[in-house]
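Numbered from 1 within each chain, the chains take letters A, B, ... in sequence-line order.
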2 protein chains.
Amino acid sequence: MPRVSAAYLAERRAHILEAAARCFAREGFHRATLQHIVREAGLSPGAIYRYFSSKEDIVAAIASERHAAERVLLRGTATERGALPGVAELARAFLGRLGRPAEREWRRVTVQLWSEALRSPRVMEVVRSGLDEPLRLVAARLRAGQRDGTIARDVDATATARVAAAVFEGLVLQQAWEPGLDVERFVRAAVRLLEGLAPAGRRRASARKRQARGAQE
Amino acid sequence: MPRVSAAYLAERRAHILEAAARCFAREGFHRATLQHIVREAGLSPGAIYRYFSSKEDIVAAIASERHAAERVLLRGTATERGALPGVAELARAFLGRLGRPAEREWRRVTVQLWSEALRSPRVMEVVRSGLDEPLRLVAARLRAGQRDGTIARDVDATATARVAAAVFEGLVLQQAWEPGLDVERFVRAAVRLLEGLAPAGRRRASARKRQARGAQE
DNA sequence: TTAAAGTGAACGAACATTCGCTTTTCATCA
DNA sequence: TGATGAAAAGCGAATGTTCGTTCACTTTAA
């Protein structure tokens, strides 16, 4: 297939990346050999080296893909319900989506990327910029909440956004370790924590509402 | 040095593990070669194979060591102030301790272990049991708080403990990526979130107290 | 003197990468 | 429209290296 369309090349590239991602999810970046990827993609080593200059390059490409996908997801969530949805809704939409079984592979690869970032400046770059945008977004929402009175003034928006990101990261980890984790319940608990950021007088209503449901175990 | 004391053997073993941990923190489990460890430890390959049966075995041993150290830390924190300190104090003590620069290497190795767990049942075993005990402990504290009225009834103790663990994991990750992270500020924000778990009428005092300090950035 | 502790050169398997060759597609022209 | 050539796409055995592991030998403490 020589001189093929750009679309063909793009599709093939994507096909290789998907095959590689499956291998990486299964065995990790270092244990997965090019032979495995070759087999999974149904190609030959030479073909793969037409699209990527090295195995490292494949890892970096996967990192970029994931990053782009997350950006899309985050922005979709962000504008889903108008300009500035509450942080709780943001959390529900974002965390909930990641809980779907189909994202299992994604989570395993993501955990690998987080650790790979420690040695690969290319991956670190992607991981960092993948964290920055959510941090800014959540901090902005929190500040908006402070302006309109739904969030207490004593909340440090920037730092709280970091904690929220940490909750997200921890959830991804725990799910990767324990696929059967009850994500719904985790998200409810996280949202309950966020509700505690409301100003002192404001919380009664929603707290009462949940009283019946609460105290599970 | 033949037929040496058990103490000598134990010390040597620990020495190798420390050298290996430094290599792993620097380059990751897979990039770090046995030659690196050999050089770092000032020994020969053969000597190392007297103490460990494989490289994998060294990784597993490091995982166990870390696990044991965390257990000690957790239990120390747990009983530091009597039987049942508040969750906030628990968070402050535990998160704060991990923020120290000296723990930098620990954090990098831990992140590697989390990803390694996905492929190594031995490591997964350690990671899981390292998570279980804190989960139980925090959940117990939360329930105690519910009994004595400092924590609202609608809080799901088990799930909230998981969220707290997630915050911890996320902090370790973010610090590994960004060693200059302001841990103090992160911890304050996390504690503020926990305070939101107080029953509706209870929070005014501490919230007012912090009003001046708040809204940084 | 003995047996464990330690040495380090050598081994062999695993693996990423290459390269000479084949196949396929498309542009051009009969 | 179909034949033809050129060059890209694909192939896969071969290559060279890296690295974990071993083992015959030396050193050392008891």
Side-chain angles (χ1 to χ4, degrees), chain A residues 1-63 109 112 116 119-120 122-123, chain B residues 1-63 109 112 116 119-120 122-123:
Chain A
M1 311 140 197
R3 279 212 216 137
V4 297
S5 69
Y8 174 89
L9 291 175
E11 194 221 328
R12 199 115 254 229
R13 193 185 134 98
H15 173 75
I16 294 173
L17 283 182
E18 278 158 32
R22 280 192 296 275
C23 293
F24 291 157
R26 213 183 299 129
E27 330 193 48
F29 293 147
H30 300 279
R31 279 286 256 256
T33 71
L34 260 179
Q35 277 310 321
H36 294 157
I37 299 174
V38 161
R39 211 173 304 134
E40 184 83 28
L43 289 172
S44 64
I48 288 180
Y49 276 85
R50 287 204 156 268
Y51 292 87
F52 300 96
S53 64
S54 66
K55 191 182 169 188
E56 180 89 16
D57 197 36
I58 298 179
V59 172
I62 285 186
V109 172
Q112 312 254 358
E116 193 66 12
R119 344 178 279 92
S120 160
R122 277 173 87 181
V123 176
Chain B
M1 312 141 195
R3 274 212 217 138
V4 296
S5 68
Y8 174 89
L9 291 175
E11 194 222 330
R12 198 113 259 224
R13 194 185 133 97
H15 173 74
I16 294 172
L17 283 182
E18 279 158 30
R22 280 192 296 275
C23 292
F24 291 157
R26 213 184 297 128
E27 331 192 46
F29 292 148
H30 300 278
R31 279 287 256 253
T33 71
L34 259 179
Q35 276 311 320
H36 294 156
I37 300 174
V38 161
R39 212 172 304 134
E40 185 81 29
L43 289 171
S44 65
I48 288 180
Y49 276 83
R50 287 205 155 269
Y51 292 88
F52 300 95
S53 65
S54 67
K55 192 182 167 187
E56 181 89 15
D57 196 36
I58 299 179
V59 171
I62 285 186
V109 173
Q112 313 254 357
E116 193 67 11
R119 339 180 283 91
S120 161
R122 278 174 86 180
V123 176

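- Between A:Tyr8 and D:dG10 there is a side-chain polar atom (N or O) within less than 4.0 angstrom of OP1 or OP2.
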What nitrogen or oxygen pairs link the protein and nucleotides 14-20 of chain C at under 3.5 Å?
| residue | atom | partner | partner atom | Å |
| --- | --- | --- | --- | --- |
| C:dA16 | OP1 | A:Lys55 | NZ | 2.9 |
| C:dA16 | OP2 | A:Leu34 | N | 2.7 |
| C:dT17 | OP2 | A:Tyr49 | OH | 2.5 |
| C:dT17 | OP2 | A:Lys55 | N | 2.9 |
| C:dT17 | O5' | A:Tyr49 | OH | 3.1 |

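- Without hydrogens or angle criteria, B:Lys55 side chain to B:Thr33 main chain gives no donor-acceptor distance under 3.5 Å.
- Using a 4.5 Å heavy-atom cutoff, the side chains of B:Arg12 and B:Tyr51 are in contact.
- Phosphate proximity of C:dT7 to B:Ser44: present, with a side-chain N or O under 4.0 Å from OP1 or OP2.
- The shortest distance between the side-chain N/O atoms of A:Arg50 and the OP1/OP2 oxygens of D:dC11 is not below 4.0 Å.
- Residue A:Glu11 contributes atom CD, which lies 14 Å from atom C1' of D:dA9 at whole-angstrom precision.
- Side chains of B:Glu40 and B:Arg26 form a contact here, defined as non-hydrogen atoms less than 4.5 Å apart.
- In this structure, the CZ atom of A:Arg12 is 18 Å from the P atom of D:dA8, given to the nearest Å.
- One interatomic measurement links the two molecules: CZ of A:Arg39 to P of D:dG12, which rounds to 13 Å at whole-angstrom precision.
- Two residues are said to be in side-chain contact when any heavy atoms from C-beta on lie closer than 4.5 Å; B:Ile37 and B:Leu43 fail this criterion.
- The distance from atom CD1 of A:Ile37 to atom P of D:dG12 is 17 Å, rounded to the nearest whole Å.
- Considering only residues two or more places apart in sequence or on other chains, B:Arg119 meets the side-chain contact (heavy atoms from CB on, under 4.5 Å) condition with A:Arg31, B:His30, B:Glu56, B:Glu116.
- Here D:dT26 presents its P atom at 20 Å from CG of B:Leu43, a figure rounded to the nearest Å.
- When rounded to the nearest whole Å, the span between CZ of B:Phe52 and C1' of C:dG6 equals 15 Å.
- B:Cys23 has its side chain out of reach of B:Arg39: every pair of non-hydrogen atoms, C-beta onward, lies at least 4.5 Å apart.
- Remark: C1' of D:dG20 and CD1 of B:Ile48 are 11 Å apart, rounded to the nearest angstrom.
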